[in-house]
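Per chain, numbering begins at 1; letters A, B, ... match sequence-line order.
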Protein chains: 2
Amino acid sequence: MRYSLLAGGKRVRPILCIASCELVGGDESLAMPIACAIEMIRTASLIHDDLPCMDNDDLRRGKPTNHKVFGESTAVLAGDAFLSFAFEHIACNTNNVSPDRLVRIFAELSSAIGSTGLVAGQFVDIESEGKVVSLNELEYIHVHKTAKLLEACVVCGVIIGSGNDNDIEKVRIYARFIGLLFQVVDDILDVTKSSTELGKTAGKDLVSNKATYPKVMGIDEAKNFAYHLMNQAVQQLACFDTAKAAPLYHLAYYIANRQN
Amino acid sequence: MRYSLLAGGKRVRPILCIASCELVGGDESLAMPIACAIEMIRTASLIHDDLPCMDNDDLRRGKPTNHKVFGESTAVLAGDAFLSFAFEHIACNTNNVSPDRLVRIFAELSSAIGSTGLVAGQFVDIESEGKVVSLNELEYIHVHKTAKLLEACVVCGVIIGSGNDNDIEKVRIYARFIGLLFQVVDDILDVTKSSTELGKTAGKDLVSNKATYPKVMGIDEAKNFAYHLMNQAVQQLACFDTAKAAPLYHLAYYIANRQN
């Protein structure tokens with residue numbers, strides 16, 4: 001569990017969660033247990049997605065994947081343990097937050113993981129391998145595999161920071177655009193960068209016949225689409241205090257322009 | 001997910017949860033979402049334990065295991081989805097319960113699943129295959145693989161039924177004895193019954209060199225141990241109203257005397 005959780009990574013999700021808490025005036029410390037829990041959930045999904053029966057990946061964040069080092073059974077169990085430890089960590093370590101806000105956070109987070117979130121996306125992704133995939137199907141995969149958890153990050157951050165329903169709605173839409181943006185950029189990097197530059201196996205989507213944006217709309221149109229999504233995302237932040245919204249602005253630019 | 005959850009089974013865990021809620025005067029309806037969630041968690045652990053990289057089992061509750069019917073990737077994802085859906089189901093469907101009791105239930109349940117519960121037991125169980133296993137190691141496996149979730153069932157039932165800390169402590173000890181009892185009887189059945197009688201592959205523990213009570217202490221001593229555990233369990237119920245404690249008495253007898 002330590003091997004995969006502490007392997008680095010961009011930590012975009014926990015940063016999103018903390019930035020969203022601060023956006024509505026909450027202190028970073030309030031959001032920290034949830035930010036950590038979200039990184040655990042993310043790590044669980046990566047460990048399971050990399051398994052031989054799933055994407056069969058050997059490299060993740062520049063290191064051999066979990067099952068390559070510890071074996072398949074341990075990798076399955078490490079993912080399972082992270083899914084439950086995420087909830088345990090929140091329940092046992094969140095202080096100075098009303099329990100009813102915590103229950104809302106449990107509902108939001110858990111719905112982002114299971115058959116209405118990550119699992120649904122990964123399922124359809126695996127099923128679509130080797131098939132012709134429409135843009136609608138492609139978006140279904142990415143909304144569930146990527147955007148839903150990002151959405152949970154910002155929504156949970158705003159809930160824990162004592163934001164109101166209008167704040168939640170704004171960051172929810174921000175996250176949906178960011179989520180798609182994230183995946184479009186991922187797909188572009190897969191065909192334009194090397195394995196060394198990415199810290200994971202590059203060109204894999206092409207080999208595995210997996211649906212990607214560059215494949216469906218071409219590389220130039222995919223880049224235009226990414227630019228459009230970034231602009232739509234930052235527009236959602238207009239109603240917030242500019243200084244407090246700055247990290248979320250910068251995250252959108254960072255996600256659009258990242259090189260690995 | 002439906003295939004494995006609705007495949008039958010004894011439903012001992014949800015019954016324990018509901019009976020514990022009623023033990024302290026709570027209504028069945030209060031405990032129902034948690035009872036269902038616990039059955040989902042149990043089902044998730046069975047689906048993952050049966051995987052080829054784990055116990056590699058073909059038969060469960062008289063039917064082909066999940067990965068035999070739907071493939072390995074779907075089986076991994078179905079288990080993942082159940083782990084999160086359990087928490088979602090509790091968060092979204094429990095009514096008339098204070099949120100602080102729900103947060104305690106989340107803490108109790110999640111600690112029974114991960115690296116302090118089910119996962120720890122399964123990990124050591126897998127690691128111990130083909131090795132000589134002491135009685136201490138054997139008990140570690142069963143405490144984590146079986147007893148911890150049973151403990152969570154009764155503790156969550158009492159919490160949701162508005163029981164006090166003393167009630168929680170009594171049912172916690174009851175569950176620890178029941179948990180060991182459950183596993184001792186399971187091990188005895190594995191060597192004394194056929195696959196048809198059990199609805200799962202019999203004699204498997206012997207073939208796989210897995211640690212079991214009959215192997216370590218002999219079949220007669222294992223039966224005596226089971227009887228002793230049952231008596232210790234029911235002694236914990238002495239301080240409760242006899243009529244309300246009756247289901248938990250009967251469950252102890254049922255677990256001790258079950259034939260499959």
Side-chain angles (χ1 to χ4, degrees), chain A residues 1 40-41 44-45 48-49 51-56 67 70-94 97-123 125-127 129, chain B residues 1 40-41 44-45 48-49 51-56 67 70-94 97-123 125-127 129:
Chain A
M1 290 170 74
M40 293 177 202
I41 291 166
S45 81
H48 283 185
D49 285 3
L51 286 168
C53 69
M54 301 271 212
D55 300 345
N56 193 21
H67 65 271
F70 301 101
E72 271 182 72
S73 63
T74 304
V76 171
L77 291 172
D80 291 353
F82 268 134
L83 287 181
S84 63
F85 191 54
F87 291 102
E88 187 178 353
H89 189 69
I90 295 173
C92 298
N93 294 283
T94 310
V97 172
S98 66
D100 62 301
R101 281 189 182 261
L102 274 189
V103 173
R104 283 176 71 186
I105 281 165
F106 282 120
E108 189 75 29
L109 259 188
S110 53
S111 81
I113 300 170
S115 59
T116 54
L118 286 170
V119 164
Q122 177 67 2
F123 181 82
D125 193 6
I126 296 262
E127 293 289 306
E129 271 185 41
Chain B
M1 290 169 74
M40 292 178 203
I41 290 166
S45 81
H48 283 185
D49 285 2
L51 285 168
C53 68
M54 300 272 212
D55 300 344
N56 193 21
H67 65 272
F70 302 102
E72 270 183 72
S73 62
T74 303
V76 171
L77 292 171
D80 291 352
F82 268 135
L83 287 181
S84 64
F85 191 54
F87 291 102
E88 187 179 354
H89 189 67
I90 295 172
C92 298
N93 293 283
T94 311
V97 172
S98 67
D100 62 301
R101 282 188 182 261
L102 274 189
V103 173
R104 283 176 71 185
I105 281 165
F106 281 120
E108 188 74 30
L109 260 187
S110 53
S111 79
I113 300 170
S115 57
T116 54
L118 286 170
V119 164
Q122 177 67 2
F123 180 82
D125 194 6
I126 296 262
E127 293 289 305
E129 272 186 41

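- Counting heavy-atom pairs closer than 4.5 Å to chain A, the top-ranked of the candidates B/I41, B/L109, B/I113 is B/I113.
- Within the 4.5 angstrom heavy-atom criterion, only side-chain atoms of B/L102, from C-beta onward, approach chain A.
- The residue among A/S98, A/S111, A/A120 with the most heavy atom pairs within less than 4.5 Å of chain B is A/S111.
- Considering CG of A/L83 and OG of A/S110, their distance stands at 11.0 Å, rounded to 0.5 Å.
- Between B/F87 and A/F106, the two ring planes are parallel [angle under 30°; tilted spans 30° to 60°].
- Only the side chain of B/L51 comes within less than 4.5 Å of a heavy atom in chain A; its backbone stays farther off.
- Among B/R104, B/R101, B/E108, B/M54, the residue with the largest count of heavy-atom pairs under 4.5 Å with chain A is B/M54.
- Per-residue counts of heavy-atom pairs under 4.5 Å with chain B were compared for A/S84, A/A107, A/G114; the largest is that of A/S84.
- Chain A forms more heavy-atom pairs under 4.5 Å with one residue of B/T74, B/L77, B/V76, B/V103 than with any other, namely B/L77.
- Residues A/P52 and A/E72 form a side-chain contact, since some pair of their non-hydrogen atoms from C-beta on lies under 4.5 Å apart.
- With chain B as the partner, the residue from A/D100, A/I105, A/L118, A/I90 showing the most heavy-atom pairs under 4.5 Å is A/D100.
- Distance check, rounded to the nearest 0.5 Å: CG of B/D125 to OG of A/S73 gives 10.5 Å.
- By the 4.5 Å heavy-atom criterion applied to side chains, B/S45 and B/Q122 are not counted as neighbours.
- The closest donor-acceptor contact from the side chain of A/N93 to the backbone of A/H89 lies under 3.5 Å.
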